[in-house]
Amino acid sequence: MHPTAHVGVTGLAVMGRNLARNLARHGYTVAVHNRTPARMRALVTDFGHEGTFIAAESPVEMVAALQRPRRLIVMVQAGQATDDVIAEYAPLLDPGDVVVDGGNAHFADTRRREAALRERGIHFLGTGISGGEEGALDGPSIMPGGSPQAYQLLAPVLNDIAAVMPDGARAVAHLGPDGAGHFVKMVHNGIEYADMQLIAEAYHLLRHAAGWSPARIAEVFRRWNAGRLNSYLIEVTAEVLAHYDADSGLPFVDVIADAAEQKGTGRWTVQTALDLGIPVSGIAEAVFARSLSGHTALRATGAALPGPAPTLLGERDAARFTDQVEQALYASKVISYAQGLHQIQAASETYGWNIDLATVAAVWRAGCIIRAAFLDRVRDAYTTDPALPSLLADPGFAGEVGAAQLPWRLAVSHAARDGVPAPAFAAALAYYDSLRSPRLPAALTQAQRDYFGAHTYRRTDRPGTFHTRWDTDRTELKSN
Ligand code: NBP
């Protein structure tokens, strides 16, 4: 086999197949391989007319087909499958070749794989790809992490196939070394969970409070989509809510079982945030809400628990409430981005990645699931001050969230009063109030810890670490 392929793609399920087609449509000669060859053959048969594919029946054929330095994109299931594929290819590759893992790998795995391949002189680019199968075909948001040399080898290719951003730039940028790209993609997914949960809570509140049909609420989302909430997820929500089930004639959302599933990246975001000590309560509530929804037996038991009698708002009050919900949704969305970006900032410091948050916000503006108009402003905030300690430290966002606080509080209190669960709205508001509180009850918590565990405490009036002998009321200075 002549080495004529510019790039190879192995793993041709929905993502790999569409990414290979995207590459071929951009004029690249693409060598394609899949463990089960039928998938590879189907791709060449069905889409061969879209560009130049080289059918590789084995990893050996794949490697032989690639121009040097070889560029191999792995698009298989995250976890063991990715390790298996790397183990299969690594002995066949040469120093200077580059392996791109485009799957949803855990960033710790990416760090491990990058280090192992570096030992052999092989570059490794751990690359988050967002946008689902449609994005993979038409232009995803691409979040690569690896050495600058590895990125340089792939940059022109990734640039060609990435989504086009509103200002004409491409939704791809080198985010940092080893696990940086997959970490950013993981947090992207965590924010996606929060975004979706907040939207779901807004819908649920409107349905309960106003008694409106899903189709009428779809109109509200359409209107919101023309304003500051403009985003792919709000657009999708309007489409879904306006959709009727062809069989039953019922609103589509009413015939779907209310048990949400998850693949794991949201959970990883929360687990990692716990390890880093970063509060991502909005994202965590979204993950927990999905989990709780799936506990069918538990929910059946809970169905008998008492709650308040629901109240239905009249038209004028419902219109006012809709505005409150919009404000609550926007403010809570800003909080979940603030939390996610804080997590990226913390990981960047821990792992020495030097991630630029303006660049992160920029590559999320197109192609990916959380693409939203307001990301232009998030990018601008971090361009103005790359060391911004929080999105809420930006005067523009602080002003908007502050202006939304009263309606936000009214929406959350309405939910509590009427017994409609709105955990992500409430968590976001509690985070906001915690940030602005001059004193938190953590002082009491620390005193309790010292009481039962001699865990010591610091004082507000003098330096040092202290322990109080609570039986004798004697305070000891433990360290300065
Ligand atoms: P899947 O995640 O469903 O993986 C299926 C692919 O992995 C098939 O090509 C399969 O080969 C291959 N594979 C497996 Br499973 N075990 C293997 C092994 N031991 N050796 C070689 N190949 C193996 O595919 P996907 O949904 O296209 O996603 C691909 C990657 O992209 C995943 O990491 C996913 O997390 C990520 N991702 C997916 C989406 C999405 O919307 N689906 C979005 C963003 C990122 P076979 O055909 O022989 O079984």
Side-chain angles (χ1 to χ4, degrees), residues 187 190 193-194 197-198 201 266-292 295 298 301-302 305-308 328 331-332 334-347 349-350 389-393 398 401-402 405 408-409 411-413 415-417 419-480:
V187 175
Y193 275 53
Q197 175 65 21
L198 291 168
E201 289 179 15
R267 196 181 304 132
W268 286 350
T269 308
V270 179
Q271 286 168 340
T272 308
L274 290 173
D275 292 340
L276 290 165
I278 302 300
V280 294
S281 45
I283 298 171
E285 286 298 350
V287 174
F288 287 139
R290 287 199 195 187
S291 306
L292 182 56
H295 282 278
L298 181 66
T301 312
L305 293 169
S332 304
V334 171
I335 298 290
S336 53
Y337 278 74
Q339 293 182 343
L341 291 166
H342 184 202
Q343 182 175 356
I344 294 174
Q345 209 169 30
E349 276 165 28
T350 301
S390 164
L391 192 55
L392 291 168
V401 173
Q405 64 160 316
W408 189 11
R409 291 179 196 289
V412 170
S413 54
R417 195 195 61 207
V420 182
F425 275 2
L429 183 56
Y431 179 85
Y432 175 77
D433 283 332
S434 296
L435 280 194
R436 40 171 294 283
S437 293
R439 290 278 293 163
L440 288 170
L444 175 58
T445 308
Q446 197 58 16
Q448 290 166 330
R449 295 182 71 240
D450 189 61
Y451 187 101
F452 63 68
H455 291 300
T456 73
Y457 56 88
R458 283 178 290 109
R459 296 179 59 101
T460 56
D461 56 354
R462 64 191 102 126
T465 304
F466 299 87
H467 168 55
T468 292
R469 302 287 297 264
W470 295 84
D471 48 349
T472 60
D473 197 23
R474 230 163 27 100
T475 291
E476 298 165 359
L477 176 64
K478 295 305 250 186
S479 67
N480 268 313

Between [X] and [Y], what is the shortest heavy-atom contact and its length?
X      : Y      : result
Gly340 : Val187 : O-CG1, 3.4 Å
Arg439 : Ala443 : NH2-CB, 3.5 Å
Ala284 : Val270 : CA-CG2, 3.7 Å
Ala273 : Val280 : CB-CG2, 3.4 Å
Val334 : Leu391 : O-CD2, 4.0 Å
Ala424 : Gln197 : CB-CG, 3.7 Å

Between atom [atom1] of [X] and atom [atom2] of [Y], what is the distance when rounded to the nearest 0.5 Å?
X      : Y      : atom1 : atom2 : answer
Arg462 : Leu477 : CZ    : CG    : 8.5 Å
Leu298 : Ser291 : CG    : OG    : 11.5 Å
His342 : Leu276 : NE2   : CG    : 9.5 Å
Arg449 : His467 : CZ    : NE2   : 12.5 Å
Ile278 : Ile283 : CD1   : CD1   : 11.5 Å
Thr465 : Glu476 : OG1   : CD    : 12.5 Å

Can you tell which of Tyr432, Tyr431, Phe425 makes a ring pair (Phe, Tyr, Trp, His ring centres under 6.0 Å) with Trp408?
-> Tyr432
Decide side chain to side chain contact (heavy atoms under 4.5 Å, CB included) for Asp433 and Arg409; before the verdict, give the C-alpha distance in whole Å, the side-chain angles of both, and the deciding distance to 0.1 Å.
-> CA-CA 11 Å; Asp433 283 332; Arg409 291 179 196 289; 2.7 Å; yes
Please say whether more than 12 non-hydrogen atoms of neighbouring residues, nucleotides or ligands are located less than 6.0 Å from CZ in Arg458.
-> no
Over 12 non-hydrogen atoms of neighbours within 6.0 angstrom of CZ in Phe466 = yes
Does a side-chain heavy-atom distance below 4.5 Å link Glu201 with Pro423?
-> yes
Ignoring hydrogens and angles, tell me if any N or O in the side chain of Gln343 forms a donor-acceptor pair with the backbone of Thr269 under 3.5 Å.
-> yes
Tyr193: partners by side-chain hydrogen bond (donor to acceptor under 3.5 Å, both in side chains), with sequence neighbours left out = none
Which residues share a side-chain hydrogen bond (donor to acceptor under 3.5 Å, both in side chains) with Gln448, sequence neighbours left out | none
Residue pair Leu392, Ile335: steps toward the side chain to side chain contact (heavy atoms under 4.5 Å, CB included) verdict = CA-CA 8 Å; Leu392 291 168; Ile335 298 290; 3.6 Å; yes
Just grab all the side chain to side chain donor-acceptor pair (under 3.5 Å) pairs involving residues 272-282, residues at least two apart or on different chains.
-> Ser281-Gln339
